[in-house]
Undergrad: 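Next up is a structure, given as structure tokens.
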Amino acid sequence: VQLQASGGGQVQAGGSLRLSCAASGRTFSIYGMGWFRQAPGKEREFVATINLSGGTTYYADSVKGRFAASRDNAKNSVYLQMNSLKPEDTAVYYCAAARSSGLTALQQYDYWGQGTQVTVSS
């Protein structure tokens with residue numbers, strides 16, 4: 001499975017961005033997709049996950065109510081709509097895929113895409 005993330009950029013605080021992640025290859029083996037982020041000098045952390053079958057989502061407390069994950073199974077793609085962005089949201093954002101769903105730990109994900117930079121200025 002190959003993952004391609006896109007959509008990052010620079011935005012002012014309070015603004016919005018939409019990240020996309022397109023999957024290719026043996027996507028039939030994937031049941032859950034996750035978004036993680038890594039800020040400079042910090043460990044990679046969980047942001048959101050979505051079940052590709054039922055669409056159930058789960059979010060980190062830090063983004064709950066501001067970020068929304070969605071999917072388009074016909075396009076083998078997932079999205080992360082990020083609203084009310086804050087400077088502390090600045091990080092490289094990664095999408096990941098797993099053979100199960102509802103997972104929040106990095107080690108539980110089997111495939112990773114390259115990161116996309118999100119920079120939020122105050």
Side-chain angles (χ1 to χ4, degrees):
V1 175
Q2 295 78 45
L3 304 175
Q4 180 75 35
S6 61
Q10 186 165 356
V11 66
Q12 288 192 331
S16 299
L17 281 174
R18 187 192 193 210
L19 305 183
S20 300
C21 179
S24 60
R26 299 171 67 87
T27 57
F28 60 84
S29 64
I30 300 303
Y31 287 89
M33 296 286 290
W35 288 97
F36 292 79
R37 66 186 181 186
Q38 187 166 17
K42 295 188 176 181
E43 294 185 350
R44 194 171 299 188
E45 64 176 6
F46 168 77
V47 175
T49 186
I50 183 167
N51 176 291
L52 296 182
S53 176
T56 302
T57 54
Y58 182 73
Y59 301 94
D61 287 344
S62 59
V63 306
K64 202 173 295 182
R66 300 188 298 121
F67 290 12
S70 61
R71 76 203 194 284
D72 184 337
N73 290 346
K75 295 183 178 179
N76 288 329
S77 293
V78 295
Y79 308 94
L80 186 67
Q81 178 66 43
M82 305 186 295
N83 299 325
S84 301
L85 282 161
K86 304 175 181 180
E88 51 263 43
D89 294 318
T90 296
V92 177
Y93 283 71
Y94 298 88
C95 63
R99 298 186 184 93
S100 185
S101 62
L103 306 176
T104 62
L106 280 72
Q107 302 88 332
Q108 295 172 309
Y109 283 80
D110 304 291
Y111 307 98
W112 289 84
Q114 92 293 354
T116 184
Q117 177 71 47
V118 171
T119 302
V120 184
S121 57
S122 57

Undergrad: Start with the C-alpha gap between F67 and T57, add the side-chain angles, then the distance that decides, and say whether side chain to side chain contact (heavy atoms under 4.5 Å, CB included) holds.
TA: CA-CA 11 Å; F67 290 12; T57 54; over 6 Å; no

Undergrad: Does the separation of the ring centres of F46 and W35 fall below 6.0 angstrom?
TA: no

Undergrad: Atom CZ in R66, atom OG in S84: separation rounded to 0.5 Å?
TA: 7.0 Å

Undergrad: Side chains of L106 and Q108, heavy atoms from C-beta outward: is any pair under 4.5 Å?
TA: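 The answer is no; the side chains never approach within 4.5 Å.
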
Undergrad: Please report the interatomic distance OG1(T104) to CD(E45), rounded to the nearest 0.5 Å.
TA: 12.0 Å

Undergrad: Report yes or no: is the cationic atom of R37 (NZ for Lys, CZ for Arg) under 6.0 Å from the centre of the six-membered ring of Y94, at an angle within 45° of the ring normal?
TA: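 No.
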
Undergrad: Mark yes or no for whether N51, through its side chain, and G102, through its backbone, hold a donor-acceptor pair below 3.5 Å.
TA: no

Undergrad: Any salt bridge linking D61 with K64? Criterion: basic side-chain nitrogen under 4.0 Å from a carboxylate oxygen.
TA: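 Answer for the salt bridge query: yes.
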
Undergrad: Do S122 and P87 come within less than 4.5 Å of each other through their side chains, counting heavy atoms only?
TA: yes

Undergrad: Could you tell me whether the side chain of R44 reaches within less than 4.5 Å of the side chain of W112, counting heavy atoms only?
TA: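 W112 reaches R44 side chain to side chain.
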
Undergrad: Within the structure provided, determine whether L85 and L17 are in side-chain contact (heavy-atom separation under 4.5 Å).
TA: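 Answer yes - side chains close enough.
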
Undergrad: Heavy-atom distance under 4.5 Å between the side chains of I30 and F28, does that happen here?
TA: no

Undergrad: What do you reckon, is CD of Q81 surrounded by more than 12 foreign heavy atoms closer than 6.0 Å?
TA: yes

Undergrad: Hey, does the side chain of Y93 reach the backbone of L80 with a donor-acceptor pair shorter than 3.5 angstrom?
TA: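 Side chain of Y93 to backbone of L80, a donor-acceptor pair under 3.5 Å: no, none is there.
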
Undergrad: Could you tell me if the side chain of S16 sits less than 4.5 Å from the side chain of M82, heavy atoms only?
TA: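 When only atoms from C-beta onward are counted, S16 and M82 do not touch, as no gap falls below 4.5 Å.
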
Undergrad: Passes side chain to side chain contact (heavy atoms under 4.5 Å, CB included), S20 versus S77? Steps please.
TA: CA-CA 7 Å; S20 300; S77 293; over 6 Å; no

Undergrad: With rounding to the nearest 0.5 Å, note down the distance linking CG in L3 to OG in S24.
TA: 7.5 Å

Undergrad: Test the R18-Y79 pair against the cation-pi criterion, namely NZ or CZ under 6.0 angstrom from the six-membered ring centroid and within 45° of the ring axis.
TA: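 Yes; both conditions hold, so R18 lies above the ring face of Y79.
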
Undergrad: Can you name the one residue among T90, L19, V92 that meets side chain to side chain contact (heavy atoms under 4.5 Å, CB included) with V118?
TA: L19

Undergrad: Can you pull the disulfide (SG to SG under 2.5 Å) pairs that have at least one residue in residues 17-122, sequence neighbours excluded?
TA: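 Matches after skipping sequence neighbours: C21-C95.
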
Undergrad: Can you spot which of V78, T49, L103 makes a side chain to side chain contact (heavy atoms under 4.5 Å, CB included) with M33?
TA: V78

Undergrad: Would Q4 and Q114 count as a side chain to side chain contact (heavy atoms under 4.5 Å, CB included) if you check the C-alpha gap in whole Å, the side-chain angles of each, and the deciding distance to 0.1 Å?
TA: CA-CA 7 Å; Q4 180 75 35; Q114 92 293 354; 3.1 Å; yes

Undergrad: Measuring only between side-chain heavy atoms, which start at C-beta, is N73 closer than 4.5 Å to L52?
TA: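 They are in side-chain contact.
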
Undergrad: Would you check if the side chain of T119 reaches a backbone N or O of Q10 as a donor-acceptor pair within less than 3.5 Å?
TA: no

